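To start, the structure itself, in structure tokens.
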Amino acid sequence: MASIQEIQGQIVDDFSFLPAWDERYAYLIELGQKNTLLPEEYRTEDNIVRGCQSLVWLHKECRQGEVFLQADSDSLIVKGLAALLLQVFSGQPAEAVIKADLTFFKEIGLDKHLSSQRANGLLAMVEEIKAFAAQCVGGAA
Amino acid sequence: MASIQEIQGQIVDDFSFLPAWDERYAYLIELGQKNTLLPEEYRTEDNIVRGCQSLVWLHKECRQGEVFLQADSDSLIVKGLAALLLQVFSGQPAEAVIKADLTFFKEIGLDKHLSSQRANGLLAMVEEIKAFAAQCVGGAA
Amino acid sequence: MAIDIDKIRADFPILSTLVNGKPLVYLDNAATTQKPRPVIEAITDYYSSYNSNIHRGTHHLSNLATEAHEAARKTIQRYINAEHAHEVIFTRGTTEAINLVAFSFGEAFVNPGDDVIVTTMDHHSNFVPWQMMCERRGANFRVVPFDENGDLRLDVYQNLLGEKTRIVAFNHVSNSLGTINPAKKVIQMAHDAGAAVLVDAAQSVQHIEHDVRALDADFYAFSGHKIYGPTGIGVLYGKEAWLDAIPPYQGGGEMIDQVSIERTTYNKPPFKFEAGTPNIVGPIGLAAAIDYLNGLDFADIMASEDSVLKYGRSRLLEIDGLTIYGNAQHRTSILAFNIDGVHHYDLGTLLDTHGVAVRTGHHCTQPIMTALQIDGTVRASLALYNTRDDIDALVAAIRKVLKMLGR
Amino acid sequence: MAIDIDKIRADFPILSTLVNGKPLVYLDNAATTQKPRPVIEAITDYYSSYNSNIHRGTHHLSNLATEAHEAARKTIQRYINAEHAHEVIFTRGTTEAINLVAFSFGEAFVNPGDDVIVTTMDHHSNFVPWQMMCERRGANFRVVPFDENGDLRLDVYQNLLGEKTRIVAFNHVSNSLGTINPAKKVIQMAHDAGAAVLVDAAQSVQHIEHDVRALDADFYAFSGHKIYGPTGIGVLYGKEAWLDAIPPYQGGGEMIDQVSIERTTYNKPPFKFEAGTPNIVGPIGLAAAIDYLNGLDFADIMASEDSVLKYGRSRLLEIDGLTIYGNAQHRTSILAFNIDGVHHYDLGTLLDTHGVAVRTGHHCTQPIMTALQIDGTVRASLALYNTRDDIDALVAAIRKVLKMLGR
Ligand SMILES: Cc1ncc(COP(=O)(O)O)c(C=O)c1O
Ligand SMILES: Cc1ncc(COP(=O)(O)O)c(C=O)c1O
């Protein structure tokens with residue numbers, strides 16, 4: 001499996017072909033619709049990550065020290081953001097998740113658009129994933 | 001006795017001969033030292049008008065509907081201000097005191113220097129004199 | 001309509017900004033308004049030529065700053081037609097003004113078993129402080145609902161009012177529905193029941209009538225940043241008798257008379273409620289904003305905003321599947337809506353790519369959202385500089401977004 | 001001393017103003033400091049190009065404003081060396097920060113019979129809020145005196161500390177005496193007794209060390225306007241654990257998680273303590289001020305201020321009948337004095353006619369004046385842009401005033 005760093009590089013490449021913002025969002029939404037899906041049983045209160053404005057369900061599993069994620073949201077854009085996080089983090093060693101520096105948001109310019117806001121819950125998702133990874137280290141969780 | 005309006009005019013005239021600020025203050029201080037004097041017996045708690053920074057004693061009497069004032073302060077400048085108020089108000093009919101519009105402060109430019117401050121208690125003195133005059137109307141107080 | 005909007009727009013530097021390469025269409029005025037040049041200049045001028053601490057100073061700069069600050073109080077007094085300048089207290093904003101009253105009125109007049117009334121359509125800032133106060137004082141928190149149009153249920157309100165009612169707090173205009181509440185009537189009913197009233201004027205003072213004496217409001221609160229003024233400054237008006245009757249809120253410099261280890265006595269209003277160095281430049285900038293408004297004709301502003309609002313409503317309703325929230329009898333400045341199957345957050349974010357700034361979410365009125373059984377709305381909100389062109393741009397952008405989303 | 005004061009002075013537009021036809025000699029910095037051009041420009045830039053409400057917005061301007069606001073929090077975090085950015089809470093000023101802690105800490109941790117300790121040399125803003133809280137919570141208000149030099153009586157302090165002590169509040173630097181309190185020691189002693197500590201850094205953060213972790217302060221408060229930043233903005237630092245443990249102060253937008261009629265839950269720090277629309281531009285201007293300081297060498301600033309202070313002291317003592325108040329072991333930035341037979345108010349007012357701006361009166365420290373058995377003092381207070389020339393101008397003006405008064 002590719003490393004977190006490699007995957008981030010791949011994402012940056014993909015986005016670099018899309019100069020206009022509406023195209024980037026269209027692509028993000030497409031990613032979200034393809035790559036998020038959460039069985040009804042995981043749409044629990046406990047799995048909710050609260051942004052201000054959208055609901056995100058984030059299901060986390062720890063298998064032999066690796067973090068596995070599934071997610072969904074009622075917002076298409078947030079689905080897309082969740083899909084990116086899944087692409088980067090799901091299946092990675094917990095250690096790597098903890099240490100990961102999420103640079104791609106900045107590189108594709110999404111930080112200006114999204115990351116300083118509390119609206120979309122992106123930061124909350126990242127925090128939650130990292131906290132989960134901390135428990136998962138060495139297969140503990 | 002000259003009217004409040006006439007006295008204000010006289011004060012403005014007097015000050016108009018003094019263009020420089022330090023001269024105006026020197027004159028004000030001189031006025032204060034000449035025209036304020038308060039017998040020890042009137043330096044009571046009750047007669048204190050509080051500015052932030054200086055103490056003023058203001059003794060008021062009402063005789064047949066006319067207001068009579070004596071004052072002193074620990075600050076030379078405030079003594080001068082009090083002297084001006086005494087000049088304008090003391091011996092005037094209470095009715096006239098109530099209605100009086102204190103224009104001279106503005107005309108001699110003292111408002112910029114003094115009246116917006118709470119430090120010197122000038123506004124408090126004026127308020128107190130007017131309130132006293134209201135009780136004194138028709139010789140009531 | 002004598003109002004020349006092109007000329008007005010030229011007074012607001014930010015309105016000629018480009019966003020994502022597109023001209024800015026600013027429709028987020030209920031969140032905060034833009035500032036005309038005289039406001040920005042008043043601030044720069046203050047800091048460049050007479051910045052100083054105020055009230056107790058004896059030097060020239062301090063006199064200039066004190067005078068400007070206190071002149072601002074008078075400008076605001078006149079704008080809201082308060083009887084005395086000392087009834088105008090400066091706060092950080094509406095929220096702080098309401099917290100001040102909730103605390104100080106609560107300490108003096110609210111006891112266990114008493115009632116405090118707010119409405120379901122109030123902003124969190126006029127909801128949570130009363131809830132917190134009721135909890136601290138052991139009082140009952142009563143809430144007046146609104147009907148399906150967004151009008152207050154005055155019949156329920158009448159039933160809630162009683163001899164236990166100490167204070168009623170409500171917004172004159174709802175920031176999420178645009179409802180103009182019948183403020184005079186609401187206040188009269190409270191007074192008949194012997195209760196005091198706080199009017200949250202955050203969304204009304206800039207759009208509709210704002211005469212505290214005509215309303216007979218006991219307390220009246222608004223934010224400078226929503227009326228073309230600076231951030232960090234707000235106003236609490238209180239009737240003199242109330243300001244004398246309630247204890248101070250915060251302690252510190254300015255608000256005291258005498259301080260000693262044994263006993264501290266307090267200054268008179270407004271200073272009693274203005275602890276610490278105030279936001280000195282705030283009132284100066286706010287007064288510049290109000291002077292700017294005073295240079296226009298308020299009736300013209302109202303007429304212009306109303307005409308853009310009506311136009312906006314009809315243009316939005318042309319869009320398939322679009323629902324407008326807030327159909328009260330009297331409305332102002334707010335266009336809140338959703339489109340079937342489109343999340344408000346997605347719509348708002350995508351409108352931004354077309355340079356259109358709207359707000360999305362619950363707009364700090366979760367009880368409204370709960371009542372409407374929705375998560376949030378897209379909200380376009382108007383100010384005096386908005387035009388039909390802005391509405392056209394909004395509608396065109398919505399159509400583009402819907403197309404991109406394949407609808 | 002590598003610091004180039006002429007260059008620095010050129011950065012502060014107001015310093016080239018004339019007052020009463022004379023060049024301004026600004027020595028009222030403890031009341032408020034002047035602002036360098038980058039601060040004024042940051043404010044103008046905000047209002048002209050990205051003014052917007054923050055945090056919940058989804059549009060471009062809102063993102064820019066949110067980013068600048070939160071970047072400012074980080075700038076301040078670094079300046080005071082806080083562990084987390086969310087330990088930095090924005091308030092209106094020191095006074096509000098202290099009121100916040102007095103209220104929220106009081107509600108959670110202070111009960112009847114408990115002790116709260118302040119000092120006789122504290123500013124009213126770090127005195128009255130605790131007095132008010134003690135009254136509300138039924139706690140004892142304890143006050144540590146200072147000795148004839150203006151040093152805290154640590155022996156008395158030690159005796160006052162005990163298991164009933166919940167919190168100690170003291171100023172790092174006294175605004176009336178210039179005393180630098182041994183903050184580390186005061187804090188250590190409180191911690192040893194199991195009490196929390198609030199440091200009033202209003203007069204220290206701009207002049208001396210300001211590392212909250214080195215001090216081990218639980219709470220730390222200062223005002224933007226005293227550190228070359230805008231009015232209406234201040235900072236409360238609190239250790240994460242304390243911010244989690246104490247309840248919110250004000251209710252409103254921003255500070256909530258979920259609001260319903262039945263139950264409201266609160267957001268995490270810092271937002272839990274930032275109800276309502278904040279003074280958005282305030283932190284941006286304050287960060288510009290701190291960036292300006294960061295562009296200089298703080299050790300150089302301290303050395304320069306110290307040298308001007310020492311020079312001022314010796315020049316003033318040349319004047320017959322002049323008494324300096326405050327002779328503590330460690331001092332900074334304050335020259336407070338009286339001249340025999342001259343009222344401080346008269347001296348201050350007359351110095352102004354020579355363009356010299358000082359402050360007079362009790363400086364919001366009546367307990368100090370009571371202890372010294374005086375009504376007030378004349379206070380010249382320094383900032384980084386003051387020079388020996390300013391001192392010479394002060395001394396020359398004093399001599400002119402004395403002459404005019406016939407002395
Ligand atoms: C030591 C001290 N504490 C607190 C304050 C209060 O600061 P502010 O008025 O900015 O709230 C001051 C300012 O005068 C001060 O000098
Ligand atoms: C109706 C209403 N009340 C109160 C507030 C709170 O105002 P501020 O955030 O300026 O304190 C707002 C602003 O959003 C509002 O719309």
Side-chain angles (χ1 to χ4, degrees), chain C residues 13-14 17 19-20 31-32 34-35 40 43-44 47-49 51-53 56-61 92-93 95-96 99 124-125 127-129 131-132 143 223 225 231-232 250-253 256 258-261 264 275-277 279-282 345 348-349 352 357 359-361 364 366-367 370, chain D residues 13-14 17 19-20 31-32 34-35 40 43-44 47-49 51-53 56-61 92-93 95-96 99 124-125 127-129 131-132 143 223 225 231-232 250-253 256 258-261 264 275-277 279-282 345 348-349 352 357 359-361 364 366-367 370:
Chain C
I14 213 170
T17 311
V19 164
N20 296 322
T32 203
Q34 299 304 338
K35 320 306 171 199
I40 304 173
I43 296 169
T44 310
Y47 284 125
S48 313
S49 64
N51 170 63
S52 171
N53 214 323
R56 286 152 200 271
T58 51
H59 58 75
H60 181 66
L61 296 181
R92 185 173 51 247
T95 302
E96 186 177 49
N99 277 276
H124 293 164
S125 291
F127 197 91
V128 182
Q131 245 180 343
M132 290 166 70
V143 185
S223 296
H225 71 97
T231 65
Q250 302 183 331
I256 57 95
Q258 298 285 314
V259 174
S260 74
I261 295 177
T264 289
T277 302
N279 181 353
I280 301 168
V281 81
Y345 174 75
T349 303
D352 179 53
R359 192 141 294 231
T360 60
C364 294
Q366 289 181 2
T370 306
Chain D
I14 213 170
T17 311
V19 163
N20 297 321
T32 203
Q34 299 304 337
K35 321 305 172 199
I40 304 173
I43 296 169
T44 310
Y47 284 125
S48 313
S49 64
N51 169 63
S52 171
N53 214 323
R56 286 152 200 271
T58 52
H59 57 77
H60 181 67
L61 295 181
R92 183 173 53 247
T95 303
E96 186 178 48
N99 277 276
H124 293 163
S125 291
F127 198 91
V128 182
Q131 246 180 342
M132 290 166 70
V143 185
S223 297
H225 70 97
T231 65
Q250 302 183 331
I256 58 95
Q258 298 285 314
V259 174
S260 74
I261 296 177
T264 289
T277 303
N279 181 353
I280 301 168
V281 82
Y345 174 74
T349 304
D352 179 54
R359 191 142 294 232
T360 61
C364 293
Q366 289 181 2
T370 306

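Note: hydrogens, waters and symmetry copies are ignored here, and every other heavy atom, side chains too, is used. Computed from a prediction, not measured in an experiment: that's the story for all the values here. Chain letters run A, B, ... following the sequence lines, proteins first, then strands; residues in each count from 1.
In terms of non-hydrogen atom pairs under 4.5 Å with chain D, the most contact-rich of C:Pro13, C:Pro129, C:Cys364 is C:Pro129. In terms of non-hydrogen atom pairs under 4.5 Å with chain D, the most contact-rich of C:Ile261, C:Thr370, C:Thr44 is C:Ile261. In terms of non-hydrogen atom pairs under 4.5 Å with chain C, the most contact-rich of D:Ser49, D:Gly251, D:Gly348, D:Gly232 is D:Gly251. The greatest number of non-hydrogen atom pairs below 4.5 Å with chain D, out of C:Ile40, C:Asn99, C:Val128, is found for C:Asn99. Taking chain D as the reference chain and counting heavy-atom pairs below 4.5 Å, the highest number among C:Ser48, C:Gly253, C:Gly282 is found for C:Ser48.
For D:Pro367, the side-chain contact (heavy atoms from CB on, under 4.5 Å) criterion is met by C:Val259, D:Thr120, D:His124, D:Phe127, not counting sequence neighbours. Annotation: side-chain contact (heavy atoms from CB on, under 4.5 Å) contacts of D:Ser260 (sequence neighbours excluded): D:Glu262, D:Arg263.
With a 4.5 Å cut-off on non-hydrogen atoms, D:Gln131 touches chain C through its side chain but not through its backbone. Heavy-atom distances place both the backbone and the side chain of C:Ser52 under 4.5 Å from chain D. The part of C:Val143 that comes within reach of chain D is its side chain, from C-beta onward, which places non-hydrogen atoms under 4.5 angstrom from that chain.
Annotation for D:Thr277 and C:Thr95: closest pair N-OG1, 4.4 Å, computed over non-hydrogen atoms.
Annotation: side chain of C:His225 is not in contact with side chain of D:Ile280 (no heavy-atom distance under 4.5 Å). In this structure the side chain of D:His60 never reaches within 4.5 angstrom of the side chain of C:Thr17, judged on heavy atoms. Residues D:Thr32 and C:Asn51 have side chains in contact (heavy-atom distance under 4.5 Å, counting atoms from C-beta outward). C:Val281 has its side chain out of reach of D:Ile43: every pair of non-hydrogen atoms, C-beta onward, lies at least 4.5 Å apart. Side chains of C:His59 and D:Val19 form no contact here, defined as non-hydrogen atoms less than 4.5 Å apart.
Annotation: the span from D:Asn53 atom CG to C:Arg359 atom CZ amounts to 5.0 Å, rounded to 0.5 Å.
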